[in-house]
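Below: one structure, written as structure tokens.
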Amino acid sequence: MKFDIVTIFPGMLDAALREGVIGRAIERGVLDVRVYSLRDFTDDRHRTVDDVPYGGGPGMVLKPAPLFRAVETIVRERGAPSVVVLTSPQGERFSQAEAVRLSRLEHVVLLCGRYEGVDERVRECLATEELSIGDYVLTGGELPALVVVDAVARLVPGVVGDGESVRADSFTRGLLDFPQYTRPAEFRDQKVPAVLLSGHHGEIRRWRRREALRRTLERRPELLEAAELDAEERDIVRELVEERKKGAEDGRD
Ligand code: SAH
């Protein structure tokens, strides 16, 4: 899968993309990621990427021409992209479902805004979609671009070593993940649940299902409504709801 990222701070992306699972996948050629410096697409001596906003007001706005030229160069060098994503707090909210959608594409271009944002014509005529990583404002689109690349890339076959670990994650099935423990079996008087040490695979599986459902019910009940549960899981949810009701009643007594 190809990703091309356009930014005024390529060093920020290069550093992050060297590390970890994503870094290794790039090294092995499973992912093909290029970072383009927006300044390379300017045509003045000062390599100007921004200008003052029409109508006045504080701050600067990214000029349209360098962004258009960058994408035109990407099309020439790398082929026509599947999507051109503008990072923006005004965009569609990025989620696991969006990550799955993008992971099925061949070639994703990401544009990183800065300052007060980008000229509106980039949004209208260059980007094919806008994504926000959450309801807060960052100083630039570099971290959002990294968030998108990271979440999407780990769904690409061959990027995460053990395919199993991607499937069990929080949100992949619409449920939160079960609790994880590692050695030692007892740490500062806190014991690992005995079932996990039992070697009893059936019981371990049931315990994990139950705890994943418990977590989701306690923390994100709205996810349960949307999750596709099998008969066993629906039974467990009924039990957990009963348990909680009883717990609440006992608390009142
Ligand atoms: N004035 C703009 C925000 C500019 S923030 C507005 O209110 O819409 C500068 C740049 O950071 C944006 O162009 C965008 O690329 C990036 N950015 C900031 N917050 C973001 C978020 N939550 N999600 C995605 N990109 C974001």
Side-chain angles (χ1 to χ4, degrees), residues 1-17 19 22 31 33-42 46-75 78 81-105 107-156 170-171 220 222:
M1 183 169 180
K2 276 192 280 196
F3 292 95
D4 292 314
I5 308 162
V6 182
T7 169
I8 62 168
F9 294 126
M12 224 176 135
L13 290 141
D14 289 338
L17 293 168
E19 308 287 341
I22 306 295
L31 295 175
V33 185
R34 276 201 208 168
V35 178
Y36 288 81
S37 173
L38 187 61
R39 289 194 198 282
D40 291 344
F41 303 97
T42 53
H46 301 289
R47 316 224 299 159
T48 311
V49 291
D50 58 336
D51 206 339
V52 295
Y54 272 118
M60 301 296 273
V61 176
L62 285 184
K63 291 157 68 67
L67 284 162
F68 273 77
R69 281 195 212 108
V71 172
E72 282 153 13
T73 300
I74 288 169
V75 170
R78 307 267 283 163
S82 319
V83 287
V84 178
V85 178
L86 176 62
T87 54
S88 157
Q90 302 177 26
E92 183 87 23
R93 181 77 73 82
F94 187 62
S95 62
Q96 189 65 21
E98 289 287 294
V100 169
R101 174 178 67 86
L102 294 179
S103 74
R104 297 190 175 128
L105 304 177
H107 183 184
V108 172
V109 171
L110 290 144
L111 308 177
C112 305
R114 274 274 155 182
Y115 316 116
E116 297 304 310
V118 302
D119 186 286
E120 187 65 15
R121 289 161 290 190
V122 169
R123 190 192 302 274
E124 285 169 356
C125 308
L126 187 63
T128 60
E129 56 184 274
E130 281 174 71
L131 288 178
S132 163
I133 63 162
D135 288 345
Y136 39 80
V137 180
L138 300 162
T139 55
E142 287 73 16
L143 291 171
L146 283 169
V147 166
V148 171
V149 170
D150 194 288
V152 173
R154 65 191 288 290
L155 298 173
V156 172
S170 293
F171 300 116
R220 301 291 303 277
E222 81 283 5

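Every number for a ligand or one of its atoms is a count from 1 in the order of the listing.
Checked by atom type and distance alone, the side chain of Thr128 pairs as donor or acceptor with a backbone atom of Val84 at under 3.5 Å. Not one N or O on the side chain of Thr48 forms a donor-acceptor pair closer than 3.5 Å with the backbone of Asp50. Side-chain atoms of Ser82 come within 3.5 Å of backbone atoms of His107 as a donor-acceptor pair (strictly under, hydrogens ignored). Proximity of a side-chain donor or acceptor of Thr87 to a complementary backbone N or O of Leu111 within less than 3.5 Å is detected. Between the side chain of Arg34 and the backbone N or O of Asp4, no donor-acceptor pair lies under 3.5 Å.
Ranking protein heavy atoms by distance to atom 14 (C) of ligand 1, first place goes to Thr87 O, 3.2 Å. The nearest protein atom to atom 22 (N) of ligand 1, hydrogens excluded, is given as Tyr136 O, 2.8 Å; this is a heavy-atom distance. Of the protein's heavy atoms, Pro89 CG, 3.9 Å lies nearest to atom 3 (C) of ligand 1. With respect to atom 9 (C) of ligand 1, the closest heavy atom belonging to the protein is Tyr115 O, 3.4 Å. Summary of contacts: the protein heavy atom closest to atom 1 (N) of ligand 1 is Glu116 O, 3.0 Å. For atom 5 (S) of ligand 1, the closest non-hydrogen atom of the protein is Leu138 O, 3.3 Å. The shortest contact between atom 23 (N) of ligand 1 and any protein heavy atom is with Ile133 N, 3.1 Å. What sits closest to atom 24 (C) of ligand 1 on the protein, heavy atoms only, is Ser88 N, 3.4 Å.
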**Message:** Go through it in stages, so that I can follow the logic: the residues are Asp40 and Arg69, the test is salt bridge (Lys or Arg N to Asp or Glu O under 4.0 Å), and I'd like the CA-CA distance, side-chain angles, deciding distance and then a yes or no.
**Reply:** CA-CA 9 Å; Asp40 291 344; Arg69 281 195 212 108; over 6 Å; no

**Message:** If you apply the rule side-chain contact (heavy atoms from CB on, under 4.5 Å), what do you find for Leu155 with Arg104, and how did you get there?
**Reply:** CA-CA 9 Å; Leu155 298 173; Arg104 297 190 175 128; over 6 Å; no

**Message:** Assess the residue pair Arg121 and Glu124 against the criterion (salt bridge (Lys or Arg N to Asp or Glu O under 4.0 Å)); give the C-alpha distance rounded to whole Å, side-chain angles, the decisive distance to 0.1 Å, and a yes or no.
**Reply:** CA-CA 5 Å; Arg121 289 161 290 190; Glu124 285 169 356; over 6 Å; no

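Listed by number with element, the atoms of ligand 1 under 4.0 angstrom from any heavy atom of Val137 are 5 (S), 19 (N). Close approach of ligand 1 to Gly141 is summarised as follows: ligand atoms under 4.0 Å from at least one heavy atom of the residue are 11 (O), 15 (O), 16 (C).
Residue-ligand proximity: Phe94 is placed with every non-hydrogen atom at 4.0 Å or more from ligand 1.
The residue among Gly134, Gly113, Pro144 with a heavy atom at the shortest distance from atom 10 (C) of ligand 1 is Gly113. In the candidate list Arg123, Arg93, Gln90, Gln90 is nearest to atom 6 (C) of ligand 1, counting heavy atoms.
Using a 4.0 Å cut-off between heavy atoms, Leu131 contacts ligand 1 through its backbone alone, with no side-chain atom that close.
The shortest distance between side-chain heavy atoms of Val109 and Ile5 does not fall below 4.5 Å.
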